[in-house]
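Hydrogens, waters and symmetry mates play no part in the numbers below; they use all other heavy atoms, side chains included. A, B, ... follow the sequence lines: proteins, then strands. Residue 1 opens every chain. None of these values were measured; they are calculated from a predicted model.
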Protein chains: 2
Amino acid sequence: MASVKDVARLAGVSVATVSRVLNDSAPVTPETRDRVLAAVAELGYRPNAVARSLRTDATRTIGLIIGDILNPFFTELARAVEDEARGLGYSVVIGNADERPERQDHYVRTLLEQRVDGLLLCPTAEITPLVRDMVGDGKPLVFLDRTLPGLDVPTVRADGTAAIGELVGHLRRLGHRRIAFISGPAFLSTGRERTAAFAAALRDHGLPVRDEYLEAGDFQAASGRASAARLLDLPEPPEVIVAGDNLMALGALDEIRSRGLAIPGEVALASYDDLPWFTHVDPPITAIGQPVQELGRRAVRGLVERVGGGAGESVVLSARLVVRRSCGEHDSMEGSGPQ
Amino acid sequence: MASVKDVARLAGVSVATVSRVLNDSAPVTPETRDRVLAAVAELGYRPNAVARSLRTDATRTIGLIIGDILNPFFTELARAVEDEARGLGYSVVIGNADERPERQDHYVRTLLEQRVDGLLLCPTAEITPLVRDMVGDGKPLVFLDRTLPGLDVPTVRADGTAAIGELVGHLRRLGHRRIAFISGPAFLSTGRERTAAFAAALRDHGLPVRDEYLEAGDFQAASGRASAARLLDLPEPPEVIVAGDNLMALGALDEIRSRGLAIPGEVALASYDDLPWFTHVDPPITAIGQPVQELGRRAVRGLVERVGGGAGESVVLSARLVVRRSCGEHDSMEGSGPQ
DNA sequence: TTGTAGGCGTTATCAA
DNA sequence: TTGATAACGCCTACAA
């Protein structure tokens, strides 16, 4: 491949001059400039970002480690991150942790070695030694969606506490009393938060918190299905199943369908996370939606600020309830709820 | 950040020795080896992949440019590619063309500058000058899912011709005669291929190919919705709408639902591409599924082979029909069709 | 078995 | 305005 040297030779100038026109980092006469550009075109010269990064100690690249690339929530998040980053002149390298701590660490390591300028991490586990080191090293880092307590790292996330409260109130008004929750892993902040919010909401509405109605899932479809099965096998099964994320909702749906149960007649269903196709299920699924675009945008801005030497601050947005028909709502209620 | 030099100094050896133990590229006595490893640990040394790549002229990284990251087909494909690549010791950098030629070229350029060892491209357009150049330069390249005729590049894709034939036969047997197709863009090989297969299948079954039943979409949900609207507004609307990809199926579904039409009673629906949630729509959607995992695997293997100096060869797999209920199937038919 | 030194392609400093 | 040159961190002859 052609290098600056080749371009310089062909244009009859020094490599310094080539660099100057390419980055217009210093004044160059129009004529030499043209000569250089002509040489660039003729040789099909393409700057070597690897060499540039070595020299400048910056890659204009950020890493994004997501929990699970097959989870539409993360996919949408990745898309938002990518869009914002591109606008700011950064490339993003995505790592898929697949909800496995060791794979998360694999990507942390790889991205660090690739010398990304900063890292957006949706932590898949409790604090790993590697992550702790990274914080100590002062590499620009921002947590996204999930957080890790005890670490001084800016976090961009959506809080679902209020929305879950609304959901439980909504269910209560519909006459439901036996409400079950399939939670995410307790070692994830989102898992903990949603579970705690659910229990609190139950209490707020004078409903008992029954252990057997609290299933521990792992944010994957299979666990949603298994949890739903256990719930439906209970001597006194719940009237409503609330899934802690969209994948587990899909799993629960699988289980309910396979038993030929009517929704919401025999069991109602609601989901944390909202998806386009929830509209098309019969009945359409009542869900809690997150401001995904905004999460991605804010995270990138915060990270880039840190890369530039700024402080970076945590931001907490709000999730919101989207009422549809899967919980026994009447016609008049659909689409209600806070916008 | 600590460099080999620092490690060397701390271990009391030369940088060459450090490099040797890190890559075990040459014999080193156990004692020095231990000293080096200890220094590495103490300094938290992390090799600089940028410098290494500059020196070795290899990044152990491949680029993957997909059509649309919000399209579950590509998401699943990305996942498969990533898995296979990781197994072979490669990282993959994903670029989302968002079905826009200029954005595809943006990523081609960026990835080339980042000196990826090879590129997996799902072409989003006709041949762009940049892509043509790349082929000329001999940079390892493999087309995935879609192909670009006239370019000598190995392609890994699934052929849907047979499956579409089966689908039309299936519809015919169900008594349908007025079958419409929402096609992908004619400038994409997949768009062309599916449309041609559909027309051929119609003829094979003695059905007329009516222009007004051939809608031109762009593989995005909005176009699926608009196309379905035009189809349903026809003086003699079709009995069946076949969407050329899953996103357009979603859009068509939106339109059908918003008109309060019964599926399959008032209009039947089928989709190219199969998705987990198709099972949960009422009624479950009859679709054509692609061997996504295998596509990803084969593409990576082919590319890595090329990177290693091999030839690389094209592979064509087959899509298959999955019969469900959205076309007026009877109970006994569900799940039938070729496995 | 180990060390010295050159060079990968850039950018940036210092002179001219 | 331009050019010569050092340096970024690493690997790898070549020597010892």
Say whether, by atom type as modelled, one donor and one acceptor occur between the side chain of Asp6(B) and the main chain of Ser3(B) under 3.5 angstrom. yes
State whether the side chain of Arg60(B) and the backbone N or O of Tyr90(B) hold a donor-acceptor pair below 3.5 Å, judged by distance alone. no
For atom [atom1] of [X], is the number of surrounding heavy atoms from other residues, nucleotides or ligands below 6.0 Å larger than 12?
X: Asp34(B); atom1: CG; answer: yes
X: Asn23(B); atom1: CG; answer: yes
X: Glu313(B); atom1: CD; answer: no

Euclidean distance, atom CZ of residue Arg60(B) to atom C1' of dC10(D) [Å, nearest integer]: 17 Å
For Gln114(A) and dC10(D), give me the distance from atom CD to atom C1', rounded to whole Å. 16 Å
At 4.0 Å (heavy atoms only), tell me whether Val13(B) reaches a base, stays on the sugar-phosphate, or touches nothing. sugar-phosphate
Between Arg298(B) and Glu294(B) (salt bridge meaning N to carboxylate O under 4.0 Å), is one present in this structure? yes
Would you call Arg79(B)-Asp98(A) a salt bridge at under 4.0 Å N-O? yes
If the cut-off is 4.0 Å, is Ser14(B) near the phosphate of dT2(C), judged by side-chain N/O to OP1 or OP2? no
Per the side-chain hydrogen bond (donor to acceptor under 3.5 Å, both in side chains) rule, which among Gln293(A), Arg297(A), Arg301(A) passes with Glu84(A)? Arg301(A)
A correct 5'-to-3' footprint of nucleotides 7-16 of chain C, with B, S and - meaning base, sugar-phosphate only and no protein heavy atom under 4.0 Å, is BBBBBB----
What parts of residues 29-40 of chain A reach DNA chain D, counting only heavy atoms under 4.0 Å away? Thr29(A), Thr32(A)
